[in-house]
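As C-alpha cells, the structure follows; a few thoughts come after it.
Order of listing sets the numbers, starting from 1, for every ligand and every atom in it. These numbers come from a predicted model, not from an experiment.
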Amino acid sequence: MSLTIHGIPASRAVRALWAAVELDLDFTHVPTPYLDGSTRTPEFLELNPNGHIPVLIDRRPEGEVVVWESMACALYLARVHGRPDGRSIAPASAREEAEALRWSFWVVNEVERDALTVLAHLHAMPEERRKPELALASERRLAVPLRVLEAHLKRQQAAGQAWLAAGRFTIADLCVASVLNWVRVSRPLLGAHPVMHEWLRRCMERPAYLRLREAG
Ligand SMILES: N[C@@H](CCC(=O)N[C@@H](CS)C(=O)NCC(=O)O)C(=O)O
C-alpha cells in the first residue's frame, strides 16, 4: 500500500496535502507545479485528463485508486485513511460526514469562484492587471454565503463547539478554510464577519498547514 500526492502547497493541492499531514499519513509528495506545462504532459494527462493538480494515487491491495478534484482528494483521505475515533479530523459519525460533505460542496459552489477573483484582483495579479471593480463585485456577492457561515459558526459557539462540524477541527474546517483563506486579503469581508475571521485565523494557524507552507 502506498499513497502519492501530486501538486504544490501554493495551489488547490494544499487541500489534499494538508489533509494527509493532519492525518499523519505516510505519503510520497510529488511537487508537480502548474504554471510551467507540467500538468499538460501525456504522462500527467494519463493521471488527470483535466490537466490539473492535485492528483492522488492510492495503491491498495485491490488495485490503484486515482482521485482528482481537490475536495474529493481531501474527503477521500479523511474517509478512507482517517480513524473515525472522534479525535482525528476524520468524520466520526453520519452527522459529521454530512457536515463535511455539505460544507465542502457549499464552499466550491457558493464561494470559490468569487473568492479567487477577490484574491487575484486585490493581491495576487500584477498591479497593472488588477481590476478593483471585479473584486468589489465579488465581495458583494460573497456577503451572502459568508452571512450563512457566520451565523452557523455563531450557533456552533453558542452550543460550545468552536469548529464547523464538531468540537474539534475536522476535514470540514480544512476544506472550507482552504478556500476562505483567499478572502483574507479583503478587510471589508473580514470586518463584516468577525466570528468567521477568528475561526479562519485558528484554521490557518494549524501546525500542519504552517509546516506545509513553510516547505513551499
Ligand atoms: N476543480 C479543480 C481545479 C484544479 C485546478 O484548477 N488546479 C490548478 C492549480 S490551483 C491547476 O492545476 N492548473 C493547471 C492548469 O489548468 O493547466 C480542483 O479543485 O482540483
Side-chain angles (χ1 to χ4, degrees), residues 3-23 25 27-58 64-82 89 99-126 129-130 134-135 138 141-142 145 149 164 170-186 200 203-204 208-210 212-216:
L3 261 182
T4 302
I5 301 174
H6 289 258
I8 52 171
S11 76
R12 289 175 176 90
V14 76
R15 297 165 190 170
L17 294 165
W18 187 5
V21 176
E22 290 278 1
L23 289 162
L25 302 180
F27 68 102
T28 303
H29 179 204
V30 182
T32 310
Y34 66 96
L35 291 175
D36 66 351
S38 300
T39 59
R40 302 298 162 125
T41 64
E43 296 75 30
F44 190 87
L45 291 170
E46 276 286 311
L47 292 174
N48 182 357
N50 298 291
H52 301 321
I53 49 168
V55 180
L56 180 161
I57 301 147
D58 189 6
E64 199 172 86
V65 176
V66 177
V67 191
W68 31 259
E69 280 299 320
S70 53
M71 291 299 175
C73 295
L75 292 167
Y76 173 88
L77 287 175
R79 174 78 196 258
V80 176
H81 289 272
I89 67 164
E99 295 287 331
L101 291 171
R102 72 172 182 169
W103 285 109
S104 307
F105 279 77
W106 171 84
V107 82
V108 167
N109 285 301
E110 309 278 340
V111 176
E112 190 178 46
R113 182 184 293 262
D114 280 316
L116 191 53
T117 303
V118 167
L119 177 67
H121 288 278
L122 286 187
H123 177 77
M125 291 204 319
R129 286 180 46 213
R130 292 183 202 163
L134 291 185
S138 284
R141 279 192 296 272
L142 282 169
L149 179 60
L164 204 51
T170 67
I171 191 69
D173 298 284
L174 186 157
C175 289
V176 174
S178 69
V179 175
L180 284 170
N181 190 33
W182 295 345
V183 308
R184 285 211 292 172
V185 295
S186 166
L200 190 54
C203 291
M204 305 326 292
Y209 178 80
L210 294 178
L212 269 174
R213 292 314 309 260
E214 273 163 24

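Ligand 1 has at least one atom lying under 4.0 Å from a heavy atom of Pro54.
Close N/O approach between His52 and ligand 1 is found [any backbone or side-chain N/O within under 3.5 Å]. Any N or O atom pair closer than 3.5 Å counts here, and Glu69 shares at least one such pair with ligand 1.
Against a heavy-atom cut-off of under 4.0 Å, Gly51 is close to the following atoms of ligand 1: 14 (C), 15 (C), 16 (O), 17 (O). Those atoms of ligand 1 with a heavy atom of Thr39 less than 4.0 angstrom away are 14 (C), 15 (C), 17 (O).
Judged by distance alone, the side chain of Ser38 and the main-chain N or O of Tyr34 form no donor-acceptor pair under 3.5 Å. Arg130 places a side-chain N or O within donor-acceptor distance of the main-chain N or O of His123, the cut-off being under 3.5 Å.
Aromatic ring orientation, His29 versus Phe27: tilted (interplanar angle from 30° to 60°). A tilted orientation is assigned to the rings of Trp18 and Tyr209, their planes being inclined by 30° to 60°.
Taking all heavy atoms of Glu112, Arg12, Met71 into account, the minimum distance to atom 5 (C) of ligand 1 is reached by Arg12.
Using a 4.0 Å cut-off between charged side-chain N and carboxylate O, Arg15 and Glu112 make a salt bridge.
Heavy atoms only, all atoms of each residue included: Leu17 and Ile8 are closest at CD1-C, 4.0 Å.
From the protein, the heavy atom lying nearest to atom 15 (C) of ligand 1 is Arg40 NH2, 3.0 Å. Of the protein's non-hydrogen atoms, Ser70 OG, 2.6 Å is the one closest to atom 19 (O) of ligand 1. In terms of protein heavy-atom proximity, atom 12 (O) of ligand 1 is closest to Ile53 N, 2.8 Å.
Asp173 contributes atom CG, which lies 10.5 Å from atom CG of Leu200 (distance to the nearest 0.5 angstrom).
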